[in-house]
Amino acid sequence: MSLILHNTSKGKKELFIPINEDSVTMYLCGPTVYNYAHIGNARPAVVFDVLYRLLKHHYPKVTYARNITDIDDKINKSALELGLNIKKYSQKYADIYNHDIEQLGVLPPDIEPYATDHIPQIIAMIKDLIEKGHAYAAEGHVLFSVESYKDYGKLSNRKLEDMIAGARVEVAPYKKYPADFVLWKPSDDSLPGWNSPWGRGRPGWHIECSAMCKEHLGDVIDIHCGGRDLVFPHHENEVAQSCCANDTQQFANYWVHNGMINMGNQKMSKSLGNILLINEITKQYKGEVIRWLLLSAQYRQSVDWSKNSIHKAQKTMDRIYATLRDNQSVQVEMNKELIPSSIIQALDDDLNTPIAFAEINKIAKQLANAETGSDKQLYKSQLLSTGQLLGLFLEDAEQWFIADNSDVDADKIEDLIAQRNQARADKDWAKSDEIRDELAAMNIVLEDSANGTRWSIKK
RNA sequence: GGCUGGAUGGUAGAGUGGCUAUACAGCGGUUUGCAAAACCGUGGACACCAGUUCGAAUCUGGUUCCAGCCUCCA
């Protein structure tokens with residue numbers, strides 16, 4: 001097997017060689033849970049779900065950890081304003097996140113660690129860093145000394161001087177060096193806090209991922225994933241903390257980062273206020289359609305979210321599902337050996353999902369044109385086996401077109417269709433068309449075929 | 001200012017030193033009581049300027065423009 005991944009720390013594609021072929025490890029920086037999950041949170045979840053599935057295709061055992069950061073000043077602020085318990089507040093949004101991405105066909109990770117469940121490990125790592133001279137306590141804070149780590153800036157390819165010159169680093173009197181970042185900070189009585197050697201306080205951002213990786217996956221992991229916007233400072237700081245605490249040269253051998261989602265010509269981000277929530281779009285579109293759209297560009301490219309692009313994804317999936325529906329009775333064999341090698345090759349080349357999708361379209365076309373039973377069985381089996389790998393085409397093809405939307409009165413619709421079919425049998429075309437119009441007014445589209453009349457909701 | 005990416009047909013989006021990507025939309029057709037779906041066929045592109053080459057959209061240099069990170073962010 002020859003999986004190739006773009007490794008951010010090298011700035012190029014590399015052949016993936018795991019530390020231990022019998023047990024591959026990957027970690028994804030999950031969300032900070034203080035609000036409803038948006039499609040920007042969904043992209044890494046979906047993209048790295050594909051990587052997880054591909055790794056499981058190749059290797060006997062993959063351990064995938066995706067964390068929940070449930071201690072953060074934004075959580076504290078919102079919970080405090082609403083007068084809510086912080087744990088309950090963050091749990092609510094963690095549950096929403098998990099529910100939402102499950103709609104998009106994302107498998108649960110093997111481990112889902114929560115930051116607040118790892119405070120002892122965090123404190124232990126900070127103590128270790130202080131003892132090794134990489135961190136220092138000051139005014140209730142503990143800071144990481146970036147000058148103590150010679151490779152600081154290597155992952156994100158930047159120099160300390162340049163960053164200071166940018167003058168955007170937070171200046172604080174307790175910092176020895178402007179770019180030093182916080183490992184631990186003090187909490188007053190209104191804020192959540194834990195007792196520590198430096199007083200009652202809470203962890204800073206970054207350290208939780210280092211502590212949780214170490215706890216669950218080891219000192220050096222195979223693949224660390226996340227959004228591009230996390231390369232600096234989050235991942236750079238994780239590398240510094242972990243390598244210094246664990247005395248290792250590497251923290252993760254492969255750093256893999258997904259591109260952003262754009263709204264119009266701009267990155268979707270909380271600070272710009274142009275975010276689109278997952279639970280808003282799942283009201284309108286099926287999870288697989290959203291998943292298809294998110295995977296229709298290679299993961300490192302930015303994706304433009306628009307009405308047009310989601311509509312295209314919908315139409316494409318409808319066509320493939322229509323082909324599956326036409327072959328509903330064809331028996332299939334589900335087997336990973338049936339996934340065409342062209343698709344595995346595409347995915348092995350840094351998750352080239354657009355090529356995989358082009359291949360899927362070709363198979364669907366072959367299925368639509370298949371004349372013999374054995375051809376139909378072959379192509380349908382290939383299509384659905386590929387779908388198993390990619391988390392697509394898992395729905396029943398008949399059900400796909402009938403939205404389980406409670407707004408529609410299926411009994412009434414089917415009654416009208418029966419009346420119309422009687423009229424058609426009587427060749428009473430005027431009445432038949434009248435009923436079609438009536439249903440059209442209800443936003444119901446009819447399709448007559450040799451096997452009867454189908455209906456679906458107009459999109 | 002520093003560092004990353006990017007610029008491909010109406011739209012989205014891969015890829016390649018010479019060989020149809022793919023999808024959605026369009027156009028023509030088959031089929032159909034009507035309609036739809038499906039299928040078949042089809043047109044249409046590689047930001048700009050130089051260079052290397054038998055040949056460049058693909059390699060090299062330059063130009064212009066766009067986006068991201070450098071502050072919380074997926």
Side-chain angles (χ1 to χ4, degrees), chain A residues 6 8 11 28-32 34-35 37-48 72-74 97 153 156-170 179 205 225-234 236 257-262 264-272 275 292-293 295-298 300-304 306 308-320 322-323 325-326 346 349 352-362 364-365 368-369 401 423-424 427-430 432-433 436-437 440 445-450 453-456 458:
Chain A
H6 179 93
T8 304
L28 167 63
C29 285
T32 300
Y34 63 98
N35 208 333
H38 54 80
I39 50 172
N41 298 116
R43 171 119 106 142
V46 168
V47 161
F48 299 118
D72 169 87
D73 286 350
K74 290 185 291 296
Y97 170 77
S156 55
N157 188 29
R158 56 191 78 205
K159 299 186 187 83
L160 267 180
E161 314 85 80
D162 294 343
M163 287 187 283
I164 305 303
R168 273 171 139 167
V169 288
E170 187 193 353
W205 186 39
C225 317
R228 261 215 98 63
D229 53 351
L230 294 183
V231 176
F232 189 90
H234 187 52
E236 190 69 58
H257 293 102
N258 64 276
M260 301 290 100
I261 289 181
N262 291 338
N265 207 21
Q266 254 182 337
K267 175 189 162 185
M268 189 184 79
S269 80
K270 285 161 192 163
S271 47
L272 292 168
I275 60 170
W292 180 277
L293 171 55
L295 295 174
S296 62
Q298 204 266 353
R300 280 188 288 125
Q301 304 304 323
S302 56
V303 164
D304 268 302
S306 70
N308 192 24
S309 55
I310 187 77
H311 178 72
K312 282 196 277 197
Q314 171 80 256
K315 294 287 285 180
T316 303
M317 291 218 79
D318 279 352
R319 202 200 67 256
I320 297 172
T323 301
R325 185 179 59 181
D326 291 342
D349 184 10
N352 196 329
T353 47
I355 286 193
F357 282 12
E359 294 298 319
I360 285 171
N361 276 305
K362 286 176 189 167
K365 181 169 275 196
N369 291 329
F401 294 94
R424 290 175 68 219
K427 297 204 189 296
D428 183 351
W429 308 127
S432 166
D433 290 347
R436 176 189 283 287
D437 290 345
V445 180
L446 299 184
E447 290 172 37
D448 298 325
S449 78
T453 300
R454 289 180 182 128
W455 65 275
S456 58
K458 191 180 177 188

Taking only residues two or more places apart in sequence, or in another chain, which ones meet [X] in a salt bridge (charged side-chain N to carboxylate O under 4.0 Å, His left out)?
| X | value |
| --- | --- |
| A:R158 | none |
| A:K267 | A:D229 |
| A:D349 | A:K13 |
| A:E236 | none |

Between [N] and [M], how far apart are the two [atom1] atoms, rounded to whole Å?
| N | M | atom1 | answer |
| --- | --- | --- | --- |
| B:G41 | B:U22 | P | 11 Å |
| B:U20 | B:U53 | P | 28 Å |
| B:C59 | B:C66 | P | 23 Å |
| B:G15 | B:G6 | C1' | 16 Å |
| B:C65 | B:C49 | C1' | 15 Å |

- Query: Under the side chain to side chain contact (heavy atoms under 4.5 Å, CB included) test, which residues partner A:K362, sequence neighbours left out?
  - Reply: A:E359
- Just jot down the side chain to side chain contact (heavy atoms under 4.5 Å, CB included) partners of A:A37, sequence neighbours excluded, or say none. A:N41, A:Y97, A:D100, A:I278
[X] near the nucleic acid: base, sugar-phosphate alone, or nothing, with a heavy-atom cut-off under 4.0 Å?
| X | value |
| --- | --- |
| A:I360 | nothing |
| A:H38 | base |
| A:R43 | nothing |
| A:S306 | nothing |
| A:I39 | nothing |
| A:D433 | base |
| A:G227 | sugar-phosphate |
| A:K427 | nothing |

- Indicate whether OP1 or OP2 belonging to B:A74 is found under 4.0 Å from a side-chain N or O atom of A:N258. no
- Message: Whether A:N361 contacts B:U22 is assessed here as follows: a side-chain N or O lying under 4.0 Å from the phosphate OP1 or OP2. Is that the case?
- Response: no
- Message: In this structure, how many angstroms lie between the P atom of B:U71 and the NZ atom of A:K267, rounded?
- Response: 13 Å
- Item | Rounded interatomic separation in angstrom, taking CD1 from A:I275 and P from B:A74 | 10 Å
Using side-chain heavy atoms (C-beta onward) and a distance below 4.5 Å, is [X] in contact with [Y]?
| X | Y | answer |
| --- | --- | --- |
| A:M260 | A:M268 | no |
| A:R424 | A:W429 | yes |
| A:T453 | A:R436 | no |
| A:H38 | A:I261 | no |

- Starting at the 5' end of RNA chain B, which residue's closest nucleotide do you reach first, A:P233 or A:A322? A:A322
- Per nearest nucleotide of RNA chain B, the residue lying toward the 5' end, A:R319 or A:D448, is A:R319
- Does any N or O donor sit under 3.5 Å from an N or O acceptor when you compare the side chain of A:R436 with the base of B:A35? yes
- Query: Which residues satisfy the ring-ring contact (aromatic ring centres under 6.0 Å, His included) test with A:F357, sequence neighbours excluded?
  - Reply: A:W292
- Consecutive-pair stems (at least three Watson-Crick or G-U pairs, under 3.5 Å) that include RNA chain B: B:1-7 with B:64-70, B:10-12 with B:22-24, B:26-30 with B:38-42, B:47-51 with B:59-63
- Note on the structure: Reading nucleotides 25-30 of chain B from 5' to 3' and marking B where a protein heavy atom lies under 4.0 Å of the base, S where only the sugar-phosphate is that close, and - otherwise, the string is S-----
- Query: Taking protein heavy atoms under 4.0 Å as touching, what does nucleotides 6-18 of chain B look like 5' to 3' if B marks base contact, S marks sugar-phosphate-only contact and - marks none?
  - Reply: -----BBSSS---
- Message: Taking the minimum atom-to-atom distance to the side chain of A:R158, which one of B:U22, B:G2, B:A74 wins?
- Response: B:G2
- Query: Which distance, rounded to the nearest 0.5 Å, do you find between the CG of A:L230 and the SG of A:C225?
  - Reply: 11.0 Å
- Task: Working to the nearest 0.5 Å, report the span between CZ of A:R319 and NZ of A:K315.
- Result: 10.5 Å
- Item | Expected output: side-chain A:T316 to main-chain A:K312 donor-acceptor under 3.5 Å | yes
For nucleotides 40-47 of chain B, list the nitrogen or oxygen atoms of the protein found under 3.5 Å from its nitrogen or oxygen atoms, one pair per line.
from: B:C40; atom 1: OP1; to: A:N369; atom 2: ND2; distance (Å): 2.7

- Partners of A:R454 by side-chain hydrogen bond (donor to acceptor under 3.5 Å, both in side chains), sequence neighbours excluded? none
